[in-house]
Each structure stands twice: as structure tokens, then as C-alpha cells.
Visitor: 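A single structure is presented below for examination.
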Amino acid sequence: MQEFEIKKKELDFRTKEAFKTLRTNIEFSGENTKVICITSAMPNEGKSSISFELAQSFAIAGKKTILIDADLRKSVMRTHYRRGNVKYGFTHYLVGKKSFEEVLCRTDTPNFFMVFAGPTPPNPSELLGAERFSKLIAELREEYDFVIIDTPPVGSVIDASIVSKSTDGVVVVLSSGAVSYQFARKIKEQLDTAGARVLGVVLNKFDLSGKSYYGKYYGKYYGKYYGNYENQEGTEKTAAGSAEK
Ligand SMILES: Nc1ncnc2c1ncn2[C@@H]1O[C@H](COP(=O)(O)OP(=O)(O)OP(=O)(O)O)[C@@H](O)[C@H]1O
Ligand SMILES: [Mg+2]
């Protein structure tokens with residue numbers, strides 16, 4: 001097993017609360033909702049960030065959790081979150097060069113394990129559609145409380161639809177204002193056709209600065225009731241706090 005230290009990043013109060021809510025919603029999706037695929041419609045909507053924070057949030061809550069970076073085409077996990085040397089990734093396992101134990105990483109957060117993507121293979125969809133992948137997921141289901149799988153966007157490549165077949169549910173990350181309603185519906189249809197169970201949508205990169213109607217409304221609401229807690233915690237004064245002025 002490999003080991004690495006997570007680059008620590010302190011989240012603000014509201015973001016932490018949002019992850020707790022997401023975690024709780026998943027926990028209440030059913031006893032058998034353990035293997036979760038995170039995807040989006042387009043690139044850059046925040047899948048990897050949300051996969052990482054969600055997985056870490058489960059681990060901190062005492063659940064044995066593994067995060068698999070199955071975006072074999074463009075992995076950012078390694079550079080964003082890791083300190084220390086990790087030699088082998090998921091591709092090494094999928095092509096049969098290494099055992100799962102050899103590509104697995106223990107992190108310095110208790111209960112939190114990770115597998116990085118590894119080198120980009122010429123045939124990512126094939127590797128993710130192979131029996132070696134689905135068998136592994138079946139084994140991990142027995143060993144871990146939660147398995148979170150980060151994937152490429154559904155609107156770009158087929159990988160997430162393939163991965164979703166081995167999972168209990170899919171969370172779709174949509175970046176606020178980036179995707180049309182029609183396109184989002186198409187993505188949902190594509191996942192339905194693949195036989196995926198869409199658990200829900202995370203609206204990411206939402207503007208809470210007070211410029212938009214919703215920004216104003218929620219900014220005021222949360223600012224009034226929770227603004228003081230943020231300040232007590234020593235976190236930055238957020239849009240919620242400033243919207244009260
Ligand atoms: N809520 C947010 N607010 C501000 N920036 C964000 C937020 N979520 C993600 N980002 C930023 O957006 C960029 C893309 O995020 P991330 O890599 O998580 O997206 P992705 O959907 O995994 O992208 P890709 O499709 O390239 O894999 C990163 O720079 C990240 O820091
Ligand atoms: Mg990503």
C-alpha cells in the first residue's frame with residue numbers, strides 16, 4: 001500500500017455545511033447506496049473537487065471510504081490534493097500490471113483511502129467496461145462503507161455511463177449557468193439509458209455574492225442566522241455576512 005499526505009485546505013462554514021447535507025442526503029438514499037459515481041454534463045463543473053470533499057467528509061464522519069479517480073483521461077487529483085510520492089495508479093491495476101493493494105493509497109485522514117488515475121491509457125472506456133473493473137467494485141463494496149468514483153463528463157465521453165453500471169447511484173454536478181436545461185435533461189436521459197440511478201444534482205459555482213435574485217435572498221437569510229458563527233470560527237467573512245449590510 002502507498003501512503004500520502006493530503007494538502008490541507010480549510011473550507012468555509014457554508015461549504016462544510018453543504019457537504020454535510022450532501023453526505024446526509026446520500027446516507028438517506030438507502031442502505032444499499034454505497035458505491036457512488038460523480039459526474040457532470042461538461043468539463044470543469046467541479047466533479048473532482050466535490051468527489052474529494054465528499055469522500056473526505058464521509059471518512060471524517062467515521063465511515064471507511066475510498067475515492068477512486070476514474071477520470072483516466074485527465075486526472076487532476078494528484079497535483080491538487082497530494083503531498084508525497086505516489087508511483088502507481090488505477091490504470092496500472094486495470095491493465096493488470098499491479099495488484100489493487102499496490103495502487104491503493106492510505107491518506108493521513110483516518111478511514112480515507114484513495115486511488116489515483118495513473119498514466120492515460122489508449123482505451124479508457126474499454127478498461128472501465130472490463131470485468132476486472134466491475135469485479136473490483138463488487139469487492140470494495142464488501143470492504144468499505146462508501147466508494148466514491150470520480151469520472152469524466154457525460155457530455156464528452158462515454159466513461160461515466162459505463163462506470164455508473166457498477167454503482168448504486170450517480171450524483172450529477174452542474175455548474176450554475178453553464179449548462180442549459182435541455183442539455184441537463186439530455187444528460188439525465190443518457191444516464192437513464194445506461195441503466196444508472198441518478199440520485200440527484202449538486203448545483204456548483206453558484207453565485208452568492210448578492211448580484212442575482214437568489215444570491216440576495218439566501219445571502220440575507222443565512223447571513224442573518226449563521227453569519228455570527230462564521231465569524232466566531234475565524235473563517236473569512238463570506239458573501240452571507242456582507243449581504244446583511
Ligand atoms: N464551488 C466552487 N467555487 C469556485 N471554484 C470551484 C468550485 N468548484 C470547483 N471549482 C474550481 O473549478 C475548477 C474545476 O474543478 P474540478 O477540477 O473539480 O472540476 P471537474 O469537473 O473535475 O473538471 P474536469 O472536467 O476537468 O475533470 C478548479 O479550478 C476548481 O478549483
Ligand atoms: Mg475532474
Side-chain angles (χ1 to χ4, degrees), residues 6-23 36-58 66-82 86 89-91 114-121 124-125 127-128 147-164 167 170-180 183-184 186-188 190-191 198-212 214-215 218-219 222 230 235-240 242-243:
I6 292 169
K7 280 186 195 168
K8 293 282 180 284
K9 198 170 85 180
E10 189 58 25
L11 299 177
D12 65 40
F13 173 80
R14 191 161 35 194
T15 310
K16 276 189 204 159
E17 284 304 301
F19 278 109
K20 273 188 209 159
T21 306
L22 177 61
R23 196 181 75 205
I36 295 140
C37 169
I38 313 282
T39 193
S40 67
M42 308 261 287
N44 214 35
E45 297 201 76
K47 297 174 291 299
S48 300
S49 316
I50 287 175
S51 303
F52 182 87
E53 295 299 342
L54 176 66
Q56 187 164 237
S57 167
F58 272 126
I66 181 164
L67 169 62
I68 297 181
D69 184 359
D71 189 346
L72 305 179
R73 298 166 194 265
K74 184 189 150 195
S75 170
V76 297
M77 290 280 182
R78 225 172 21 173
T79 40
H80 278 198
Y81 300 111
R82 188 199 68 184
V86 174
F90 202 34
T91 317
M114 263 183 89
V115 175
F116 290 99
T120 305
S125 317
L127 291 178
L128 295 168
V147 180
I148 310 291
I149 309 175
D150 182 25
T151 60
V154 179
S156 308
V157 286
I158 194 77
D159 304 14
S161 301
I162 293 172
V163 167
S164 68
T167 68
V170 179
V171 171
V172 182
V173 178
L174 292 179
S175 176
S176 177
V179 176
S180 71
F183 191 48
K186 261 198 165 152
I187 295 303
K188 162 91 168 61
Q190 196 175 321
L191 288 166
V198 177
L199 295 175
V201 168
V202 171
L203 184 63
N204 195 26
K205 304 194 183 183
F206 184 68
D207 181 11
L208 284 164
S209 66
K211 284 183 210 125
S212 68
Y214 288 108
Y218 287 110
Y222 286 114
E230 286 173 13
T235 52
E236 274 175 48
K237 197 170 171 96
T238 62
S242 47

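Heavy atoms only: backbone and side chains are in, while hydrogens, waters and symmetry mates are out. Just so we're clear, the structure is a prediction, and the values are computed from it rather than from any experiment. Order of listing sets the numbers, starting from 1, for every ligand and every atom in it.
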Visitor: Mark up the atoms of ligand 1 that fall under 4.0 Å of a heavy atom belonging to Asn204, in ascending order.
Guide: 1 (N), 2 (C), 7 (C), 8 (N), 9 (C)
Visitor: So if I apply the side-chain contact (heavy atoms from CB on, under 4.5 Å) rule between Phe90 and each of Leu127, Ile149, Leu72, which one comes out positive?
Guide: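 Of Leu127, Ile149, Leu72, side-chain contact (heavy atoms from CB on, under 4.5 Å) with Phe90 is met by Leu72 alone.
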Visitor: Going by the order shown, which atoms of ligand 1 are within less than 4.0 Å of some heavy atom of Ser49?
Guide: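 Selected atoms, number and element: 9 (C), 15 (O), 16 (P), 18 (O), 30 (C).
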Visitor: Any heavy-atom pair between the side chains of Phe19 and Ile50 that's under 4.5 Å?
Guide: yes
Visitor: Would you call Glu17-Arg14 a salt bridge at under 4.0 Å N-O?
Guide: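 A salt bridge is absent here (no side-chain N lies under 4.0 Å from a carboxylate O).
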Visitor: So is Asn44 polar-close to ligand 1, meaning N/O to N/O under 3.5 Å?
Guide: yes
Visitor: Of all the atoms in ligand 1, which lie at a distance below 4.0 Å from a heavy atom belonging to Asp71?
Guide: 27 (O)
Visitor: Of all the atoms in ligand 1, which lie at a distance below 4.0 Å from a heavy atom belonging to Pro43?
Guide: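 Contacts of ligand 1 toward Pro43, numbered from 1: 25 (O).
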Visitor: Looking at Asp159 and Arg73, is any side-chain nitrogen of the basic one under 4.0 Å from a carboxylate oxygen of the acidic one?
Guide: yes
Visitor: Of the non-hydrogen atoms in Ala41 and Ile187, which two are nearest, and what is the gap between them?
Guide: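 So the two residues come closest at CB-CG1, 3.6 Å.
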Visitor: Taking distance alone, with N or O pairs closer than 3.5 Å, would you say Gly46 contacts ligand 1?
Guide: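 It does: an N or O of Gly46 is found under 3.5 Å from an N or O of ligand 1.
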Visitor: Looking at Lys16 and Glu10, is any side-chain nitrogen of the basic one under 4.0 Å from a carboxylate oxygen of the acidic one?
Guide: yes
Visitor: Under a 4.0 angstrom heavy-atom cut-off, which atoms of ligand 1 come close to Lys74?
Guide: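 Result: 24 (P), 26 (O).
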Visitor: Closer than 2.8 Å to the Mg ion (ligand 2), do we get an N, O or S atom from Ser51, backbone or side chain?
Guide: no
